[in-house]
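No hydrogens, no waters, no symmetry mates; every other heavy atom, side chains included, goes into these values. This structure is a prediction, so every number in the text was calculated from the model and none was measured. Quick note on labels: first sequence line is chain A, next is B, and so on, each numbered from 1.
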2 protein chains.
Amino acid sequence: MPHRGRAPTPTLERLAIYFAVLTDLKRRQAVTISSADVEERTGINAAQFRKDLSYFGEFGRPGIGYGVDELYSAIARILKIEQAQPVLLVGAGNLGSALMGYPALRADSFRIVAAFDNNPGKIGEQLWDLTIRDVAYLIEDNKTCRAKIAIITVPAAAAQDVAEQLVDAGIRNILNFAPVALKLPADVIVRRVDFVQELAVLSFHLPDSNSGR
Amino acid sequence: MPHRGRAPTPTLERLAIYFAVLTDLKRRQAVTISSADVEERTGINAAQFRKDLSYFGEFGRPGIGYGVDELYSAIARILKIEQAQPVLLVGAGNLGSALMGYPALRADSFRIVAAFDNNPGKIGEQLWDLTIRDVAYLIEDNKTCRAKIAIITVPAAAAQDVAEQLVDAGIRNILNFAPVALKLPADVIVRRVDFVQELAVLSFHLPDSNSGR
DNA sequence: TAGATTGTTAATCGATTAACAATC
DNA sequence: TAGATTGTTAATCGATTAACAATC
């Protein structure tokens with residue numbers, strides 16, 4: 001067994017991209033793919049692709065390439081999405097509701113198995129295929145759900161509190177859509193999606209409007 | 001004028017975080033802040049913060065720190081969000097609608113000034129404060145809006161086509177929520193938000209479930 | 001065999017951070 | 001002045017990519 005180092009985060013992010021490509025290729029019943037093909041499709045350097053995979057093993061054959069089905073399965077196993085991962089959602093507002101209806105989430109590798117809110121007007125209402133639950137039941141409900149990943153789509157002011165409740169419910173992996181930095185134990189992994197930050201980076205790259213009216 | 005290099009993308013992303021912190025400090029009427037304070041609040045290394053700013057000028061005073069109002073204005077200028085930037089949205093589905101209602105987008109530095117869709121059932125409908133327009137009028141409408149940034153929230157299959165129409169309408173900066181890699185001219189800047197990718201990275205970090213229940 | 005393509009090494013490139021002279 | 005904190009340099013760290021022997 002070769003000693004393989006820890007994979008950097010950018011590698012993991014690209015793995016998800018490769019997985020999407022392979023999902024597509026599988027659907028089209030492609031048999032093999034080379035690292036050059038991947039570069040062609042994704043813009044990710046072929047050597048990068050091979051190096052990314054090398055953190056986890058050897059999946060290709062020199063002169064041939066990679067078996068589509070084989071690599072698909074390998075990446076699914078690496079990302080732990082061989083079976084759809086159950087996910088909790090807290091915050092059944094516009095954004096939470098949109099995420100639940102998001103086709104790529106509904107179909108693929110993740111399944112939102114419970115939705116919570118603290119708004120009495122929402123609790124008990126139907127949202128897609130789920131009934132919105134009182135966030136007070138988070139811990140109790142997750143004893144049966146046993147989800148390990150959660151999505152936070154509550155307003156910024158409520159996010160820290162919700163995050164702590166999630167940790168109490170056994171969640172150690174959080175996708176945070178609220179525009180705040182969560183302070184949580186070091187073993188909790190948080191990834192943040194910040195639309196305003198994304199727009200700000202785009203805005204920076206706008207041409208200077210010195211000249212002109 | 002000191003020669004300052006191009007700021008790396010991570011620097012720009014952090015600039016947006018600093019701006020959020022300063023917005024908060026300004027509201028609380030704080031007068032000055034030190035790089036150590038920023039580290040305390042954001043987890044971003046104090047030297048990193050100073051280095052990030054150094055790409056754009058000198059904004060602090062040794063022994064004192066940074067004036068909150070001054071730095072807020074400086075970053076707003078750097079990110080070109082002194083006035084709210086107009087933004088186009090294409091795809092008035094669940095996600096697009098949620099983004100339009102997103103508090104941080106409604107209030108702050110960006111303003112969605114037009115929403116488009118190609119669904120005849122939606123065109124003409126009211127969505128928040130806007131009337132949904134036929135995507136066919138994109139080019140024409142943007143002659144008056146003059147937005148330079150657009151958000152794509154259409155299904156994956158439609159995204160490439162929409163992106164090309166946006167480019168034809170003069171847009172050079174795109175925030176893409178569709179899970180596809182857009183192929184566009186090199187001068188068009190695309191940032192992609194991929195929920196499934198984010199979840200995949202979290203899923204990877206789950207503890208191995210070798211040992212059974 | 002000749003051609004193609006892998007996995008890995010080594011070189012390059014870029015980003016982060018510690019350290020400190022300058023200075024308020 | 002003494003203490004605090006900046007801006008910048010230089011060292012460190014980490015990620016990307018070119019090159020190539022191995023091999024199908």
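Nearest to the side-chain atoms of B/Q48 among the listed nucleotides D/dT8, C/dT8, C/dT16 stands C/dT16. Looking at the side chain of A/A47, the nearest of the listed nucleotides D/dA15, D/dA19, C/dA22 is D/dA19.
If you measure from atom CG of A/D52 to atom P of D/dT17, you get 10 Å, rounded to the nearest angstrom. B/F59 places its CZ atom 14 Å from the P atom of D/dT6, with the value rounded to the nearest Å. The separation between A/F49 atom CZ and C/dG7 atom C1' is 12 Å, rounded to whole Å. Rounded to whole angstrom, the span from the CG atom of B/L12 across to the C1' atom of C/dA15 amounts to 13 Å. Protein atom CG of B/D37 is 13 Å distant from nucleotide atom P of D/dA4, rounded to whole Å. Rounded to an integer number of Å, the gap from B/L53 CG to C/dT17 P is 15 Å. Rounded to whole Å, atom P of D/dA4 lies 15 Å from atom CZ of B/R50.
Remark: C/dA22 base-pairs with D/dT5. Criterion, Watson-Crick or G-U wobble with two distances under 3.5 Å. Across all strands shown, D/dA10 is found opposite C/dT17 as a Watson-Crick or G-U wobble partner, with both distances under 3.5 Å.
Closest approach of B/F19 and B/S109 over heavy atoms only: CE2-OG, 3.7 Å.
Side-chain contact check for A/S34 and A/D37: at least one donor-acceptor pair (N or O, by modelled atom type) lies under 3.5 Å.
Note on B/R6: every side-chain N or O is 4.0 Å or more away from OP1 and OP2 of C/dG14. Of the side-chain N and O atoms in A/R61, none sit less than 4.0 angstrom from OP1 or OP2 of D/dA22. Between B/S35 and the phosphate of D/dT5, there is no side-chain N or O to OP1/OP2 separation shorter than 4.0 Å.
A residue-by-residue look at A/I64 and A/N45 shows that A/N45 has its nearest nucleotide of DNA chain D further toward the 5' end. In terms of position along DNA chain C, the nucleotide closest to A/Y66 lies nearer the 5' end than the nucleotide closest to the other residue of the pair A/Y66 and B/K51.
Below 30°, between 30° and 60°, or above 60°: for B/F195 and B/F177 the angle between ring planes is between 30° and 60°, a tilted geometry.
Side-chain contact between A/V162 and A/F116 is absent, with no heavy atoms from C-beta onward closer than 4.5 Å.
Annotation for A/R191: atom CZ counts as buried by contact number, over 12 foreign heavy atoms lying within 6.0 Å.
A/Y55 comes within contact range of no nucleotide atom at all, as no heavy-atom separation falls under 4.0 Å.
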